[in-house]
A.B. asks: 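My questions all concern the structure below.
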Amino acid sequence: MAKGITKRSVDYSRWYTDVIAAAQLADYSPVKGCMVIRPTGYAIWEKMQAALDKLFKDTGHENAYFPMFIPEHFMKKEAEHVEGFAPECAVVTHGGGKELEEPLFVRPTSETIIWSMYKDWIQSYRDLPILINQWANVVRWEMRTRLFLRTTEFLWQEGHTAHATAEEAEAETKQMLEIYRIFSEEYMAVPVITGRKTEREKFAGALHTYCIEAMMQDTKALQAGTSHNLGQNFAKAFDVTFQNEAGELESVWATSWGVSTRLIGALIMTHSDDNGLVLPPKMAATPVVFVPIWASNEEMNTVLKKIDEITADWKGKFNFKIDDRNNIRPGRKFNEWEKKGIPIRIEMGPRDMETNEVVLVRRDTGEKIRLPQDNLVERILTTLETMQNDMFNKAKEFRKHNTHIVDDYEEFKQRLDNEGGFYLIHWNGKTATEEKLQEETKATIRCIPFDSPDEPGKCLITGEPSERRVLVARAY
RNA sequence: CGGGGCAUAGCGCAGUCCGGUUAGCGCACCUGGUUUGGGACCAGGGGGCCGCAGGUUCAAAUCCUGCUGCCCCGACCA
């Protein structure tokens with residue numbers, strides 16, 4: 001049916017890049033590993049930014065901006081951090097035609113430069129908390145890249161907060177993860193599992209890392225957001241202390257949290273189909289397109305005039321486009337908007353004019369509904385809402401269907417190979433076991449889910465005692 | 001960084017083995033007309049340093065050497 005888009009069943013990763021090309025979301029750039037985000041793709045990012053920014057501001061955060069260049073010695077101050085990030089950093093060694101006295105790292109993340117500033121900004125507990133977010137680009141020199149999911153340069157937001165107590169920092173870490181969950185599920189209609197990363201998977205320099213994990217349509221896992229409790233690691237590395245109420249000097253407690261343009265990849269791989277992109281209404285810059293149909297120029301004028309009447313009260317309710325191009329036929333228009341994932345298409349031609357009706361087509365189900373021209377605003381708004389819910393429920397149902405509980409290693413290996421999916425397994429909590437699991441199955445522990453109940457059992461790999469189940473899957 | 005593949009018009013490709021007219025096809029694009037309820041049709045037209053650099057030859061997209069870039073699959077990662 002869809003020309004130019006490889007079917008998911010044939011080649012999932014080709015399908016993914018085909019959808020991006022067909023919807024004109026992004027393009028490969030002349031720079032290896034870097035992409036150009038095209039207007040249609042950037043519009044999705046702007047929708048994400050707008051929603052997240054509001055959620056951040058509503059919880060007391062402010063935006064700021066720090067330099068993209070980080071002096072080398074900053075990067076080296078926190079041992080675990082430098083070990084984690086140094087191998088994937090781009091480094092500037094020359095400027096103004098001369099070799100620099102000290103190389104500048106292009107930020108892979110901004111903890112170090114931000115904490116070098118927090119040192120100056122924080123003296124007493126009265127200066128705390130600091131709740132800052134930054135919208136920025138970062139660079140990580142990746143071996144293999146994939147549009148949106150992993151590129152050398154990407155856009156993201158990174159929150160960096162400073163607190164007077166460990167409890168407050170922990171509460172912030174959890175709060176921001178919850179905001180990511182809300183955003184993912186309620187705006188992107190992408191169900192996620194919240195949990196804690198293992199020691200091996202946590203952020204370099206963090207006490208611990210919380211994450212949201214989503215299941216893509218090929219049943220692989222995608223880490224969609226992370227929130228880190230940094231403890232006092234960065235405060236100690238950058239000597240950031242404050243005087244508490246008792247007059248004693250203490251190290252500041254820190255968090256950081258981020259989501260990136262990778263979310264666009266999650267959005268695509270959760271909802272889209274063989275005909276192209278499918279956008280949940282809340283992520284569509286233009287949720288409605290009106291496609292008029294006519295057979296002659298006179299008819300064109302009548303139909304367009306009627307459309308002006310019908311859409312007069314749409315303004316301010318939702319964004320919409322009227323596709324009045326006369327050089328291509330309706331069928332082409334249907335297809336173009338489908339590929340771009342516009343949630344609702346309204347069609348109206350001479351036949352509908354006679355009966356005072358329009359045809360409404362849902363992108364997610366393809367369902368066509370004839371509707372009277374009156375009260376369309378109401379119908380469209382409720383349909384958008386229904387679609388938003390349906391898409392979330394469908395994705396959640398899919399994940400449920402592909403999540404399994406297993407207690408036999410051989411069965412696990414076979415099923416993982418044959419059906420993929422998420423697995424809840426017992427694990428003895430040891431890094432060595434985790435590494436063995438990955439070596440033997442290419443699956444990783446995605447997280448220790450928050451809702452995983454205390455349930456004594458035996459480690460799937462070693463048979464040793466385990467206290468609860470962890471989430472395992474092959475991941476992007 | 002290992003394995004595989006590719007480089008010819010904006011995109012997708014043929015031509016390369018076996019050197020030889022003006023480098024061709026589909027899509028897209030432009031003009032005109034007929035069309036318009038699921039990717040229209042006809043006619044005309046524009047667009048090429050055949051990845052780069054050397055070499056062989058009377059003659060190179062085609063043969064030889066070197067380089068570069070990109071894509072896919074693995075190891076690392078938001």
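Just so it is clear, the model here is predicted, and its values are computed rather than measured. Just so we're on the same page: letters track the sequence lines, and every chain starts at 1.
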A.B. asks: Give the nucleotide from the list B:C76, B:A78, B:G37 with an atom nearest to the side chain of A:E347.
C.D. replies: B:G37
A.B. asks: Any non-hydrogen side-chain atom of A:K333 less than 4.5 Å from a side-chain atom of A:I328?
C.D. replies: yes
A.B. asks: Taking the minimum atom-to-atom distance to the side chain of A:V361, which one of B:U35, B:G38, B:C73 wins?
C.D. replies: B:G38
A.B. asks: Report yes if a side-chain nitrogen or oxygen of A:R332 is closer than 4.0 Å to either non-bridging phosphate oxygen (OP1 or OP2) of B:A28; otherwise report no.
C.D. replies: yes
A.B. asks: For A:F74 versus A:I113, what's the shortest heavy-atom pair and its separation?
C.D. replies: CD2-CA, 4.1 Å
A.B. asks: Given B:U36, B:G37, B:G38, which nucleotide is nearest the side-chain atoms of A:N326?
C.D. replies: B:U36
A.B. asks: Between A:Q223 and A:T145, which residue's closest nucleotide on RNA chain B lies nearer the 5′ terminus?
C.D. replies: A:T145
A.B. asks: Suppose we define a pair by two distances each less than 3.5 Å, Watson-Crick or G-U wobble; what does B:G26 pair with here?
C.D. replies: B:C11
A.B. asks: Which whole-number value in Å describes the distance from A:R325 CZ to B:A40 C1'?
C.D. replies: 15 Å
A.B. asks: Which nucleotide in the set B:U36, B:A78, B:G37 lies at the smallest distance from any side-chain heavy atom of A:W294?
C.D. replies: B:U36
A.B. asks: Using whole Å, report how far NZ of A:K339 lies from C1' of B:C27.
C.D. replies: 11 Å
A.B. asks: Relative to A:F398, does A:K394 satisfy both conditions: NZ or CZ under 6.0 angstrom from the six-membered ring centre, and within 45 degrees of the ring's axis?
C.D. replies: no
A.B. asks: Looking across every strand, which nucleic acid part, if any, lies under 4.0 Å from A:P87 by heavy atom: base, sugar-phosphate, or nothing?
C.D. replies: nothing
A.B. asks: With C1' as the reference atom in both, quote the distance from B:C50 to B:C13 in angstrom, rounded to an integer.
C.D. replies: 13 Å
A.B. asks: For A:F154 and B:A78, is the gap between ring centres under 5.5 Å while the planes differ by less than 30°?
C.D. replies: yes
A.B. asks: Run the side-chain contact (heavy atoms from CB on, under 4.5 Å) check on A:L222 and A:T270 step by step: do they pass?
C.D. replies: CA-CA 10 Å; A:L222 182 78; A:T270 301; over 6 Å; no
A.B. asks: Roughly how many Å is it from CG in A:D27 to C1' in B:C71, rounded to a whole number?
C.D. replies: 14 Å
A.B. asks: Which nucleotide sits closest to the side chain of A:S13: B:C76, B:C72, B:G37?
C.D. replies: B:C72
A.B. asks: Kindly state whether the ring of A:H61 and the ring of A:W257 have centres lying under 6.0 angstrom apart.
C.D. replies: yes
A.B. asks: Measure CZ/A:R146 against P/B:A78 and give the value in whole Å, please.
C.D. replies: 16 Å
A.B. asks: If I take atom NZ in residue A:K442 and atom P in nucleotide B:G74, what distance separates them, rounded to the nearest angstrom?
C.D. replies: 7 Å
A.B. asks: Quick one: A:Q24 CD to B:A28 C1', roughly how many Å, whole number?
C.D. replies: 12 Å
A.B. asks: If you only use heavy atoms from C-beta on, which nucleotide in B:A78, B:G38, B:G37 is closest to the side chain of A:E338?
C.D. replies: B:G38
A.B. asks: Provide, to the nearest angstrom, the distance between the CZ atom belonging to A:R345 and the P atom belonging to B:G38.
C.D. replies: 10 Å
A.B. asks: Using a cut-off of 4.0 Å on non-hydrogen atoms, how would the nucleic acid contact of A:G258 be classed: base, sugar-phosphate, or nothing?
C.D. replies: nothing
A.B. asks: If you draw the axis of the six-membered ring of A:F450, does the NZ or CZ of A:K174 fall within 45° of it and under 6.0 Å from the ring centre?
C.D. replies: yes
A.B. asks: Which whole-number value in Å describes the distance from A:W15 CH2 to B:C72 P?
C.D. replies: 15 Å
A.B. asks: On a plain distance test, is the side chain of A:K333 in donor-acceptor contact with the base of B:G37 below 3.5 Å?
C.D. replies: no
A.B. asks: What contact category does A:V259 fall into here, base, sugar-phosphate, or nothing, at under 4.0 angstrom with non-hydrogen atoms?
C.D. replies: nothing
